[in-house]
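Below: one structure, written as structure tokens.
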Amino acid sequence: MAKRDFSEISDTCSWESPDYEPWFPVSEKSNPLTRDIDKASPNHIVRLLAACDAQMFQTDTGTIYQDPEDSLIVLSGCGTSGRLAFLIASRFNRSLRDRQQKTVYSYIIAGGDRALLTSQEASEDDPKLGMLTLEKLCEGKRHVLFIGISCGLSAPFVAGQLDFCLKHPDIYTPVLVGFNPVTQAREETMPGYSLTFREVVQRMEEQRGQRAFIINPAVGPEAISGSSRMKGGSATKILLESVLAAAHTAAFTNTHVTRRVLLDMMRGYERVYSVTYSHSDQIATLLQTAGLSLQCGGRVCYLSWGFLGLVGLIDASECIPTFGADYEDIRGFTSGGYQDMDNIEGDLTSLGSQFCVAHEDFVSLVLPTLSDRDTVLLLYTCHDDVGDVEKMAHRVREKTSNLHSLYHGLEGDSAADSIALLCSSVLNITWPSSSTVHMVQHMTSQWELSSKLVLNAVSTGSHVLKGKIYRNHMVDLQVTNSKLYHRAIHILQKLSGVSLTQCEEALLKAIYNVEQLPEDITSAGVTTHTLTASRRKRVVPLALVCLLIGCSLSEAESRLESHPVVRDAVEACLTSSQHLTSSPGDQTSTNQ
């Protein structure tokens with residue numbers, strides 16, 4: 001298919017200027033491409049997201065690793081990074097099983113397996129927990145290749161693991177994957193630890209290329225500021241899968257890993273980007289449909305088959321902390337449930353309905369109350385049981401006409417035609433036929449990336465249409481860990497223009513629901529603040545309204561009740577603030 005041209009979208013590299021938001025690391029900057037995404041049409045939202053994703057492919061990067069013999073390869077991260085660690089480890093263990101080889105991959109996610117499906121981000125702030133989790137997993141191993149993923153070079157959980165690896169170089173080889181310069185690694189001292197993330201990275205730099213490795217290409221700011229689940233997550237998948245796939249190829253063909261092999265693999269992913277966004281109109285249709293469902297209080301459900309199941313589950317789980325969404329707003333269900341997930345802790349359904357992820361759970365929990373205000377998206381490929389997909393499509397169609405599909409097929413394939421007749425919209429992505437086992441496995445990972453790009457656009461764009469984004473900032477994020485606490489303060493500062501100190505005070509007032517801050521609150525640590533904030537909703541919008549018009553919390557709550565859409569509430573407050581500033585009475589008061 002022809003590559004979409006997004007060259008007319010300007011300001012592609014202005015974020016690289018040293019005077020552009022100099023107080024933010026790259027991963028937290030606002031992307032100049034999307035400064036007005038909150039006012040864009042569905043088609044234009046997709047075009048803006050495509051332009052941002054294109055930044056991943058602007059710089060060639062290649063680093064060579066070989067799998068050590070008789071070793072364990074551990075991928076670890078928090079939130080999105082931890083979910084991708086799970087996805088990639090699962091992918092390559094399956095590849096080894098297909099070759100009748102022993103599996104060597106494992107994963108760690110801060111908060112354990114429940115963090116695969118729900119927000120458990122408080123664990124991200126605990127470096128000692130990260131270290132102890134790694135030590136327990138690797139007990140008795142002689143060689144461990146540890147890959148710690150932290151897009152912003154900021155997660156204390158991962159920093160503790162990297163520090164542990166550096167202290168035991170006879171067993172561990174640490175690799176850090178992120179997308180900020182090392183000089184922008186987090187400087188705050190980690191809770192209960194004597195080091196900062198930057199100091200850990202500096203120690204790695206001293207051994208870089210010998211006993212420690214850092215992969216940190218610049219891919220530019222996210223389309224939605226700080227939302228590293230999007231470009232950061234995609235770039236993580238591309239980099240690690242390219243490196244590990246090249247290592248597998250070298251190991252099983254007795255050849256060397258070369259820079260050219262790595263670059264060829266990355267160019268393959270770039271083609272995936274081009275093919276996926278060549279369907280921008282169909283993606284925009286899905287985005288708009290999902291947005292309308294969220295606007296009217298409906299739900300968006302991903303029904304996935306086969307290996308696409310994990311992609312759907314991951315995308316849905318990330319909407320809760322990013323947009324302050326309810327877990328029922330966007331949900332993922334996979335055909336094989338936990339049996340297909342193959343996660344360490346197994347079936348988690350006993351933890352609550354948000355951990356019910358099988359199609360059987362969808363049939364019992366969601367299908368009975370499904371209506372036309374809900375959106376259902378089928379995700380499947382030509383390798384899945386199309387008959388099973390069609391049966392489910394008929395069951396959904398009896399409840400709602402709002403049924404859509406995302407299908408990956410091969411050239412000349414017509415298996416999905418009967419299902420398409422049941423759907424309101426169809427996104428069929430056609431790929432060249434592949435015959436070798438290696439190519440089929442690589443194709444599988446590419447289809448995952450393609451689906452991730454589509455679902456990221458749908459879930460992000462639908463929340464943009466719902467009004468959860470102001471300009472290109474997450475103004476309704478959940479403040480559940482130190483990173484998000486500081487991100488919230490910087491968002492408040494940028495949108496209000498007042499000092500960071502005033503912004504932190506306003507945030508604390510919203511978190512604790514008080515008009516004045518007593519000493520026991522101001523003297524408490526960030527961990528205490530985030531624990532309290534995890535039980536509160538809309539703390540950032542409340543603080544922002546208070547800052548914009550200088551009102552009390554109760555008045556801010558009243559204004560948000562009259563303007564349920566966060567973007568509308570912010571714009572109304574800005575208009576009110578500008579009116580007060582320019583009014584004759586205000587000018588007289590100021591002159592006096």
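Position 1 is the first residue of the sequence, and the numbers go up from there. Bear in mind that the values here come from a model prediction, so they are computed numbers and not experimental data.
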Considering only residues two or more places apart or on different chains, which pairs with a residue in residues 169-180 satisfy side-chain hydrogen bond (donor to acceptor under 3.5 Å, both in side chains)?
S27-N180
State which residues pass salt bridge (Lys or Arg N to Asp or Glu O under 4.0 Å) with E328; sequence neighbours excluded, sorted by chain then number.
none
May I have the list of side-chain donor-acceptor pairs in residues 303-314 shorter than 3.5 Å, sequence neighbours left out?
{"residue": "W305", "atom": "NE1", "partner": "D388", "partner atom": "OD2", "Å": "2.8"}

Closest heavy-atom contact between F157 and C78?
CB-SG, 3.6 Å
Any side-chain donor paired with an acceptor under 3.5 Å for E318 and T80?
yes
With a 4.5 Å limit on heavy-atom distance, are the side chains of L72 and S106 in contact?
yes
R487 and S154 side chains, donor-acceptor separation under 3.5 Å
no
Per-pair distances, 0.1 Å, donor-acceptor, side chain in residues 347-356, under 3.5 Å, sequence neighbours excluded:
{"residue": "D347", "atom": "OD1", "partner": "T349", "partner atom": "N", "Å": "2.8"}
{"residue": "D347", "atom": "OD1", "partner": "T349", "partner atom": "OG1", "Å": "2.8"}
{"residue": "S353", "atom": "OG", "partner": "Y327", "partner atom": "OH", "Å": "2.5"}

Once the angle between the rings of F164 and H168 is folded into 0 to 90°, is it parallel (under 30°), tilted (30 to 60°) or perpendicular (over 60°)?
tilted
List for me each residue that meets salt bridge (Lys or Arg N to Asp or Glu O under 4.0 Å) alongside D126, sequence neighbours excluded, and say none if there are none.
none
Answer with yes or no whether the side chains of H408 and S451 bring together a donor and an acceptor at under 3.5 Å.
yes
Judged by modelled atom types alone, do R83 and S317 share a side-chain donor-acceptor pair under 3.5 Å?
yes
Who pairs with Y302 by ring pair (Phe, Tyr, Trp, His ring centres under 6.0 Å), at least two apart in sequence or on another chain?
none
Can a donor-acceptor pair be found between the side chains of T334 and D340 at a distance below 3.5 Å?
no
